[in-house]
2 protein chains.
Amino acid sequence: MGASVSVSDSPLPLPTPDPPLPTHMFAINPTDPAPIWRQIEEGVRRMIALGALQPGASVPSVRDLAKDLRVNPNTVARAYQRLTEGGVLAVKRGEGTYVADVPVQPRKNERNEALRDAAIRYASTAISVGSGLEDAVDEVESAYERVVREHRRKA
Amino acid sequence: MGASVSVSDSPLPLPTPDPPLPTHMFAINPTDPAPIWRQIEEGVRRMIALGALQPGASVPSVRDLAKDLRVNPNTVARAYQRLTEGGVLAVKRGEGTYVADVPVQPRKNERNEALRDAAIRYASTAISVGSGLEDAVDEVESAYERVVREHRRKA
DNA sequence: CGACGTGTACTAGATACCTAATACAGTAAG
DNA sequence: CTTACTGTATTAGGTATCTAGTACACGTCG
């Protein structure tokens, strides 16, 4: 299109600074409408459920994890606070935060309730994009194994 | 620890005005982090995919659907606009809005992409609540049939 | 013609979330 | 004690969403 312009390429406005991009613990999806603090909360619960974080193990400090995920420390602090209130984490003031000795697994009631709620959301979107039940199930199986494999790789 | 207070029971503070509660078309979940206009957009797509809304059928007016769902007309208008831009709906100005004659179904690429994305979110929450793959799949099958049945009942 | 319903556009306010920066209290190591 | 790190609290600003109210252009019907 441009004729014989000999100007050196535009100096790259760098819309994306895109520095290290570590993803040590788990990933944060900025496009997900769910709040970041909820994604962090769920991520920690996921790692505990998968055994990547065992009872008594120490979790990264608020500032470290914030730097790792490239979010604000306040956001991580909010997730840690909720996990502490829920009995998932235990904080030794001035020392650090650890996985609770007896990591509470959600009661079967609320566990099924949360799962059912998520299933309805997933089924709804599956139907809205014209997917059948079999395709939806296949995709879940694939995604489940992928998430497990991804966490095992980092454990 | 009030002693022998004989005051009649509190007159039911009625924290939820809870008026008609119609739910003619589909339901809106205020606790869902997804924006309401996206829930509406997905709901219309869902009804078309299930045949509850056939090509050429008229959809409720912006104000009617807004009153039905108890949301602001602007929110419904935003959803209708996106559906019109996407070729799902067609608007006859001053007359009304109708389902497009050739309702576009998402390309297989973006359809699979959206489905895969939703599947990852669902699998993640399933793992985080300590659910196994089988339970997660069972819940999806149950939810899928429930959504279909619910829409058939209103069609 | 006028009245009504349609989609659309605009302003303004309220709320939730994320970010930034700073400060404080407690613990461990030098 | 001093230093460094921990979680926690506070204030401020920016962005996105939802709400409310109003106004306009278009088409149908009486």
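Each chain gets a letter, A, B and so on, in the order the sequences are listed, and its residues count up from 1. Nothing here was measured: the structure is a model prediction, and the numbers come from that model. No hydrogens, no waters, no symmetry mates; every other heavy atom, side chains included, goes into these values.
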Q) Under a 4.5 Å cut-off applied to non-hydrogen side-chain atoms, are F26(A) and V44(A) in contact? A) yes

Q) Please give, in whole Å, the distance from dG13(D) C1' to N72(A) CG? A) 13 Å

Q.
Please report the distance, rounded to the nearest Å, between CZ in R38(B) and C1' in dA16(D).
A. 13 Å

Q.
Measure CG/L69(A) against P/dT19(C) and give the value in whole Å, please.
A. 10 Å

Q) Which whole-number value in Å describes the distance from D32(A) CG to dT17(D) P? A) 14 Å

(Q) If we ignore hydrogens and angles and just use 3.5 Å, is the side chain of E41(A) paired with the main-chain N or O of L83(A) as donor and acceptor? (A) no

Q.
If you count every heavy atom of other residues, nucleotides or ligands that lies below 6.0 Å from E95(A) atom CD, does the total exceed 12?
A. yes

Q) Between Y98(B) (OH) and dG7(C) (C1'), how many Å, whole number? A) 12 Å

Q. With Y144(B), which of I120(A), V137(A), L133(A) fulfils side chain to side chain contact (heavy atoms under 4.5 Å, CB included)?
A. L133(A)

Q) Side-chain heavy atoms under 4.5 angstrom apart, residues restricted to Ile, Leu, Val, Met, Phe, Trp, Tyr: same cluster for L65(A) and V59(A)? A) yes

Q: Answer with yes or no whether the hydrophobic clustering places V129(A) together with V140(A); edges join I, L, V, M, F, W, Y residues whose side-chain heavy atoms lie under 4.5 Å apart.
A: no

Q) How many Å lie between CD on E41(B) and P on dT17(D), as a whole number? A) 13 Å

Q: Look at all strands and tell whether R78(A) reaches a base, only sugar-phosphate, or nothing, counting heavy atoms closer than 4.0 Å.
A: sugar-phosphate

**Q.** Length of the line joining L65(B):CG and dG5(C):C1', which is rounded to integer Å
**A.** 16 Å

Q: Rounded off to whole Å, could you give me the CH2-to-C1' distance for the W37(B) and dT19(D) pair?
A: 17 Å

Check nucleotides 6-8 of chain D against the protein and report each pair of N or O atoms closer than 3.5 Å, with its distance, or say if there are none.
from	atom 1	to	atom 2	distance (Å)
dT6(D)	OP1	S61(A)	OG	3.2
dG7(D)	OP1	V62(A)	N	3.4
dG7(D)	OP1	T97(A)	OG1	3.2
dG7(D)	OP2	V62(A)	N	2.8
dG7(D)	N7	R63(A)	NH1	3.1
dG7(D)	O6	R63(A)	NH2	3.2
dG7(D)	N2	R93(A)	NH2	3.3

